[in-house]
Number of protein chains: 2
Amino acid sequence: MKIDPNSSADLSVQIADAIRDAIVNGDLIVDERLPSESELAEHFRVSRPTVREALKRLAAQSLIRTQRGATGGAFVNRLSFEDAYSQQITTSTLLLSMNAVSFETACEARYALERACAPLSAQRRTADHLATMRAEIFRQGQPGLTDEAFCASDVAFHRALVDGAGNPVLSYQLAGAVEAMQPLMNMITFTARSREAIVALHTAIADAIEAGDGQAASDGLTALENETLKLARSVFARRRRRK
Amino acid sequence: MKIDPNSSADLSVQIADAIRDAIVNGDLIVDERLPSESELAEHFRVSRPTVREALKRLAAQSLIRTQRGATGGAFVNRLSFEDAYSQQITTSTLLLSMNAVSFETACEARYALERACAPLSAQRRTADHLATMRAEIFRQGQPGLTDEAFCASDVAFHRALVDGAGNPVLSYQLAGAVEAMQPLMNMITFTARSREAIVALHTAIADAIEAGDGQAASDGLTALENETLKLARSVFARRRRRK
DNA sequence: GGTTTTCAAATGTCAGACAAATGAAAAATG
DNA sequence: CATTTTTCATTTGTCTGACATTTGAAAACC
């Protein structure tokens, strides 16, 4: 683990990179304790605050965790799917909100990815996944539900669909795509009529999943994509007219 | 932007969260300059090193960038697809290497996601994407290519396929899935015969994309997935026997 | 033996200082 | 007047040294 004294990059960046490389390359293994801040400072010939800035950078990426006290220190963190989910969601959300990605583009990506899960989910979903989907569909039919709650239930429904595939890597990838869409979806007002249409499509998808028919589930998702797009366009058009 | 003095969480974490929330909620907009470190320290009633640790956390997530000098400071960063790609790749790579995800699981996720892109790519790919795919196929046929170079070319081929869909959100999502697999793929030794089979499948996929036949491209990817799995299993089996 | 106390080690935080970069204003120059 | 050079204030980057807080383990005690 070394740094280049001639580099123009900030020392804390160099140190963070050096430690990150060590972790990625397996020189530092999970749960291994890093040297103390003072020792690292001595090793890299920098001050403790500089080392600390480097460690904070790594902590922000969930690469290490720190513990105070006598036997404390910085430890290589096992990156959990949980941690990865939330990072993925934050990044995706910002990406969508900052880069003026059109609703169409985001929507297309989301449903394309979900269609990838559908056949696997139809094949492998447990009774539990199916029950969640049914429960969310029921909730979506309740009158008096706010638009936000409707959207949240929508996310839960799709999450169950994706998790049904039983592939944690897929679930992780999809978490970002589905959840990041929520702020965009929240901009849509759902009328009673449009909710009815969506609930019907959700039911069709759940039926297909229950029957183990992946193709039908994919088709249902395509229909849902078209319905969502239609809905979004009309909402945006109405909003433009009012301006 | 406030912090809770009663919270037990580290101050630098609280401050980072407060600023992150301000960015996500749009209270701080892209390219806006944050107050100087001294001003932030005064605002939050903490010392400058503590503020700096918070800023480094945000910088690690590409949420801000800093500039030295008279008109310098910390600025809200527009999260580029580029930045998001590399974060996504780092996270995915670590996730796969640290959580003992089976080759099968990772492979399944990757090809499922790619199949989601295939129909779009068949419809929209430019001549440029197609040319890249053909060029990589040619390279893969060259004798004397190292296994690493073969894998790198493989990644480039699939990247072009995905980019052909013309959806940056999809490309971003797939970047992680495809590139994170590379270390796993590098563990495989490609014999002349297996390379030949892969090149043939790549050619079939490129032909399908050129013909605008999304279904054929999907089928080609499925065939490639099976071939990859078969190859991996035989390599792993041979390795086990030798132990 | 079990309980309490003490203690050392580590991270978290603070204060103040200097170095280095950098853009803008001021001064010098043609 | 236009242009170049110099100065300078501002801001981040880094260092030093200190104290606070947490925490597990060893030592002392009953």
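Here is how names work: the chains are called A, B, and so on, in the same order as the sequence lines, proteins then strands, and each is numbered from 1.
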### Query
Any salt bridge between A/D17 and A/R57, counting N to O under 4.0 Å?
no
## Note on the structure
Rounded to whole Å, the CZ-C1' distance (B/F44 to C/dT13) equals 16 Å
### Task
Indicate whether OP1 or OP2 belonging to C/dA10 is found under 4.0 Å from a side-chain N or O atom of A/T66.
no
### Query
C/dG12 base to A/R48 side chain: any donor-acceptor pair below 3.5 Å?
yes
### Query
Between atom CD in B/E53 and atom P in D/dG13, what is the gap in whole Å?
13 Å
## Note on the structure
note: A/Q67, atom CD; D/dA25, atom P; distance rounded to Å ~ 11 Å
#### Entry: Distance, rounded to the nearest Å, where A/D10 contributes CG and D/dT11 contributes P
18 Å
### Task
Check whether any side-chain N or O of B/Q14 sits under 3.5 Å from a backbone N or O of B/A9 as a donor-acceptor pair, and report yes or no.
yes
### Query
Does A/S47 have a side-chain nitrogen or oxygen under 4.0 Å from the phosphate oxygens OP1 or OP2 of D/dC15?
yes
### Summary
With the side chain defined as heavy atoms from C-beta on, A/A70 is closest, among D/dG24, D/dT22, C/dC14, to D/dG24
### Task
Please check the phosphate of C/dC14 (OP1 and OP2 only) for any side-chain N or O of B/T50 closer than 4.0 Å.
yes
### Task
Would you state whether a donor and an acceptor, one from the side chain of A/R68 and one from the base of D/dT21, lie under 3.5 Å apart?
yes
### Query
Do A/R110's NZ or CZ and the ring of A/F103 fall within the cation-pi criteria of under 6.0 Å and 45°?
no
### Task
Any chance you could lay out the salt bridge (Lys or Arg N to Asp or Glu O under 4.0 Å) test for B/E53 and B/K56, step after step, and finish with the verdict?
CA-CA 5 Å; B/E53 287 180 11; B/K56 295 315 155 202; over 6 Å; no
### Query
Taking the six-membered ring of A/Y85 as reference, does the NZ or CZ atom of A/R159 fall below 6.0 Å from its centre and within a 45° cone about the axis?
yes
### Task
Rounded to the nearest angstrom, tell me the gap between atom CZ in B/R52 and atom P in C/dC14.
15 Å
#### Entry: Gap between atoms CG and P, on B/L58 and D/dT12 respectively (whole Å)
14 Å
#### Entry: Whichever of A/V46 and B/R33 has its nearest DNA chain D nucleotide further upstream toward 5'
B/R33
### Task
Write down the distance between CZ (A/R45) and C1' (D/dT16), rounded to a whole number of angstrom.
17 Å
### Query
Whole Å only: how far is the CD atom of A/E42 from the P atom of D/dG17?
14 Å
### Query
Just to confirm, is there a sub-4.0 Å distance from OP1 or OP2 of C/dA9 to any side-chain nitrogen or oxygen of A/T71?
no
